[in-house]
Amino acid sequence: MKNLKGIFSALLVSYNEDGSINEKGLRQIIRHNIDKMKVDGLYVGGSTGENFMLSTEEKKQIFRIAKDEAKDDVALIAQVGSVNLHEAVELGKYATELGYDSLSAVTPFYYKFSFAEIKNYYETIIAETGNYMIVYSIPFLTGVNIGVEQFGELYKNPKVLGVKFTAGDFYLLERLKKAYPDHLIWAGFDEMMLPAAALGVDGAIGSTFNVNGIRARQIFDLTRAGKLDEALRIQHVTNDLIEGILANGLYLTIKELLKLEGVDAGYCREPMTAKATEKQLAVAKELKEKFL
Ligand code: MN9
């Protein structure tokens with residue numbers, strides 16, 4: 001298995017204006033991440049890929065294109081989680097056959113599933129695919145909170161490598177690192193990378209690395225090396241950029257920034273607003289000039 005530590009872009013997907021996948025654009029985004037942002041890997045099919053608005057076939061198409069373009073250049077994680085467990089298993093088998101280094105699955109959302117149900121969901125995907133699993137915990141979107149002991153329950157399965165931790169609960173993060181030092185944690189909020197790295201996370205998975213991957217690596221490495229002043233200086237610049245991106249529309253703005261870098265990042269997928277307004281384009285240009 002490839003090394004799964006380090007800096008992973010949560011891969012953006014290029015869509016045409018009608019919402020269909022723009023394969024050429026997607027390939028360009030992948031190349032940009034590997035060749036220019038120098039990421040260690042790609043997290044495919046996550047929130048940033050606008051995955052939860054896609055059909056099963058479209059999700060497979062993206063896994064296929066990403067593997068075909070990235071080949072063995074970087075590590076690949078396939079997010080296959082779905083409220084439809086049958087779909088998650090089908091996608092998990094598909095990505096495993098394609099050669100993805102690990103699967104990841106969002107905690108099942110919408111219904112208030114019990115922990116026993118959540119555990120069964122992960123056990124089923126692992127048993128059916130035989131691949132590794134990274135729990136994708138993102139309570140602010142799913143409403144699902146998993147505690148320290150519950151993580152321990154999930155970690156009893158040796159295939160569970162760790163968690164993509166998209167939360168600002170640094171007490172929980174620290175308790176997890178202490179309780180399960182052999183399990184990996186990937187930080188999920190780019191704007192909080194420094195404190196997460198200070199607490200010993202093993203890597204980070206983020207949307208903004210598609211355009212800000214070089215600074216992200218600097219923050220991570222400097223923090224791990226104990227050079228906190230320097231790391232904080234770069235986190236400040238990064239967060240000025242992220243603040244601008246969030247205020248202007250998250251994925252849409254990152255796509256416009258990529259376009260200004262010559263990457264055909266396309267449109268967003270409805271129900272998200274597909275196309276940037278003139279005002280949003282102007283803000284993206286300002287951000288590009290200031291930060292990229
Ligand atoms: O995968 C991303 N989470 C979401 C992680 O997009 C929901 C993050 O990279 C954030 O986009 C980023 C901005 O808040 O930290």
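Order of appearance sets the numbers: ligands from 1, and atoms from 1 within every ligand. Here the structure is a predicted model, which is why all the values come from computation and not from measurement.
No close placement of the Tyr43 and Phe8 rings is indicated, their centers lying 6.0 Å or farther apart. Two rings, from Phe189 and Phe165, have their centers 6.0 Å or more apart.
Heavy-atom proximity to Phe189, at under 4.0 Å, picks out these atoms of ligand 1: 14 (O), 15 (O). Counting atoms of ligand 1 from 1 in the listed order, those under 4.0 Å from a heavy atom of Ile138 are 7 (C). Counting atoms of ligand 1 from 1 in the listed order, those under 4.0 Å from a heavy atom of Gly206 are 9 (O). Of all atoms in ligand 1, numbered sequentially from 1 with element shown, those under 4.0 Å from a heavy atom of Tyr251 are 4 (C), 6 (O), 7 (C). Ligand-side atoms of ligand 1 in range of Ile205: 1 (O), 5 (C), range being under 4.0 angstrom from any heavy atom.
In this pair, Tyr155 and Phe151 present their aromatic rings tilted. The plane angle is within the 30 to 60° band.
Sorted by first and then second residue, the ring pair (Phe, Tyr, Trp, His ring centres under 6.0 Å) pairs with a member in residues 74-103 read Phe63-Tyr100; sequence neighbours excluded.
Inspection of the Asn84 and Ser82 side chains reveals no N or O donor paired with an N or O acceptor under 3.5 Å. Between Lys255 and Thr253, the side chains place no donor N or O within less than 3.5 Å of an acceptor N or O (distance only, hydrogens not considered).
At a heavy-atom distance under 4.0 Å, only side-chain atoms of Thr48, from C-beta outward, approach ligand 1. Residue-level proximity to ligand 1 for Ile245 is absent, since no heavy atom of it falls below 4.0 angstrom.
Once rounded to the nearest 0.5 Å, the distance linking CE of Met53 with SG of Cys268 reads 7.5 Å.
Atom 1 (O) of ligand 1 has as its closest protein heavy atom Lys164 NZ, 2.7 Å. If you check which protein heavy atom lies closest to atom 11 (O) of ligand 1, you get Ser207 OG, 2.7 Å. The nearest protein atom to atom 8 (C) of ligand 1, hydrogens excluded, is given as Gly188 O, 3.1 Å; this is a heavy-atom distance. With respect to atom 15 (O) of ligand 1, the closest heavy atom belonging to the protein is Glu191 OE1, 2.5 Å.
Judged as a side chain to side chain contact (heavy atoms under 4.5 Å, CB included), and not counting sequence neighbours, the contacts of Thr107 are Tyr122, Val135, Thr142, Val144, Ile146.
Some N or O of Asp190 is nearer than 3.5 Å to an N or O of ligand 1, by distance alone.
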